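Shown next, in structure tokens, is the structure this report addresses.
Please read all numbers here as calculations on a predicted model, not as lab measurements.
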Amino acid sequence: MFLEELFDRKFVDAVLNEWHKTMMDLPAGFRQAYEMGLVSSAQMVKFLAINARPTTSRFISRTLPQGMSRAFIGRMLADPAFLYRLLLEEAATIGSSVWWEVKNRKDRIKQEWDLALMNVLTVAACNALVVWSLAPCRSYGNTFRFDLQNTLQKLPNNIFERSYPLREFDLQKRIHSLFYKAAELCIVGLTAGAVQGSLSNFLASKKKEKLSVTIPSMSTNALGYGAFLGLYANLRYQLLCGFDQAMVNHFDVIGVALFFSTALRVLNVQLGERSRLAWLGVEVDPLVQSDDLLKAYNRPSEDGTRSSSKWFISKNAIVSGLGLLGIRQGNAESAANEETRAPKARRKRIVRKKVTASSA
């Protein structure tokens, strides 16, 4: 293992002494977990690496609201590379979506930039919510009013998340987590698809020309996003989290595990982008593309007629030139017509009568 989980108080205190910190320097919630013996030496190292010095993670955790800040720190404790994975997913998703929009809209991207921007923002937001929801997290001491909330918070974020003190994940909880995350992401997809579909159809109604990419209706877009996130994206990222954990446990060097994780996540984003278009039924309008092809095909023929017209000599000009030589135009035309029209000889019909002996 890269960082072994040691819950002995002596090892945790040794980590605090190494960072020149005491128990009073810890936040209230984390201090309570430390006093209860729920914090391991590896988690203490990760927490101090985030909060003991000015880093990007500390800036983000202090900027977010309290609830989201605790969730962000919990994800960083469970996976130190969470922020890197999130930024990688966002960069790959935005880049893939922008490339598809520019490739298929072509010259229409200047007139349809608002529709393309709406698609890119929706895809990026949905991808960030999927990565955030399924990332492993360490949480302690959260108590809610209703029993259902207390039961749901004890479920793992993904089916491959490891157990830790006060959070024992058996097979039943992992199966429940799979269906719970599917329902949660389905609701997220329905909401995002409905908002994006309504705005896209409103913007498309103001366009005078025909759009280069088909836009599904609001209901189709909402149902497509809900099914895509709840079923397909949920299953893909569940398996991806299991692969990340297997790579971290197998390799002693975290850079090797991050390399394989990066390569697989980039391929996963490419596959997800193509699958999303198929689930939503979005495709390029062939009529718009055929109009562009016809314009490009007819352009050389117009140039050819213009160039050939410079070398064309009218028949009337030839006839009028013959008139200057003393030849009448009518005679010339009649002579030409007589030559072209060769007379056909008529065959005489010969009628033979049969003469009988009586008539003679």
Looking at [Y], is its backbone amide N or carbonyl O close enough to the side chain of [X] to form a donor-acceptor pair, meaning the two atoms are under 3.5 Å apart?
X: N249; Y: Q245; answer: yes
X: R75; Y: A71; answer: yes
X: N158; Y: L134; answer: yes
X: N221; Y: S217; answer: no
X: E89; Y: A128; answer: no
X: S133; Y: L129; answer: no
X: R138; Y: V39; answer: no
X: S198; Y: A194; answer: yes
X: E112; Y: S212; answer: yes
X: S61; Y: I73; answer: no

Find out if a path of hydrophobic residues (ILVMFWY) with successive side-chain heavy-atom gaps under 4.5 Å connects [X] to [Y].
X: L117; Y: I215; answer: no
X: L86; Y: L185; answer: yes
X: L239; Y: Y232; answer: no

Atom of [X], atom of [Y] and distance for their closest heavy-atom approach:
X: S97; Y: E273; answer: CA-OE2, 4.0 Å
X: N157; Y: P136; answer: ND2-C, 4.3 Å
X: E168; Y: K173; answer: O-NZ, 3.2 Å
X: A116; Y: R105; answer: CB-NE, 3.8 Å
X: A124; Y: E90; answer: O-OE2, 3.1 Å
X: S40; Y: V12; answer: C-CG2, 4.0 Å

Is any side-chain heavy atom of [X] closer than 4.5 Å to a side-chain heavy atom of [Y]?
X: D79; Y: V248; result: no
X: V282; Y: P216; result: yes
X: C241; Y: E161; result: no
X: L229; Y: N234; result: no
X: K207; Y: D114; result: yes
X: L235; Y: L231; result: no
X: L152; Y: L155; result: yes
X: T22; Y: N17; result: no

More than 12 heavy atoms of other residues, nucleotides or ligands under 6.0 Å from [atom1] of [X]: yes or no?
X: M218; atom1: CE; result: no
X: R9; atom1: CZ; result: yes
X: D107; atom1: CG; result: no

About how many Å separate [atom2] of [Y] and [atom1] of [X], when rounded to the nearest 0.5 Å?
X: C137; Y: L77; atom1: SG; atom2: CG; answer: 8.0 Å
X: R265; Y: L240; atom1: CZ; atom2: CG; answer: 4.0 Å
X: L264; Y: L271; atom1: CG; atom2: CG; answer: 10.0 Å
X: Y237; Y: D244; atom1: OH; atom2: CG; answer: 11.0 Å
X: L277; Y: N104; atom1: CG; atom2: CG; answer: 8.0 Å
X: R236; Y: N268; atom1: CZ; atom2: CG; answer: 4.5 Å

How is the hydrophobic cluster of I187 composed, in terms of its other members, when Ile, Leu, Val, Met, Phe, Trp and Tyr link through side-chain heavy atoms under 4.5 Å apart, directly or indirectly? none

If we ignore angles and hydrogens, is there a donor and acceptor under 3.5 Å between the side chains of Y225 and R276? yes

Compute whether any side-chain donor of one residue and acceptor of the other, for R85 and S261, lie under 3.5 angstrom apart. yes

Residue pairs meeting ring-ring contact (aromatic ring centres under 6.0 Å, His included), one or both in residues 74-106, sequence neighbours left out, come to F82-W132

I want to know whether F243 and F160 have ring centres closer than 6.0 Å. no

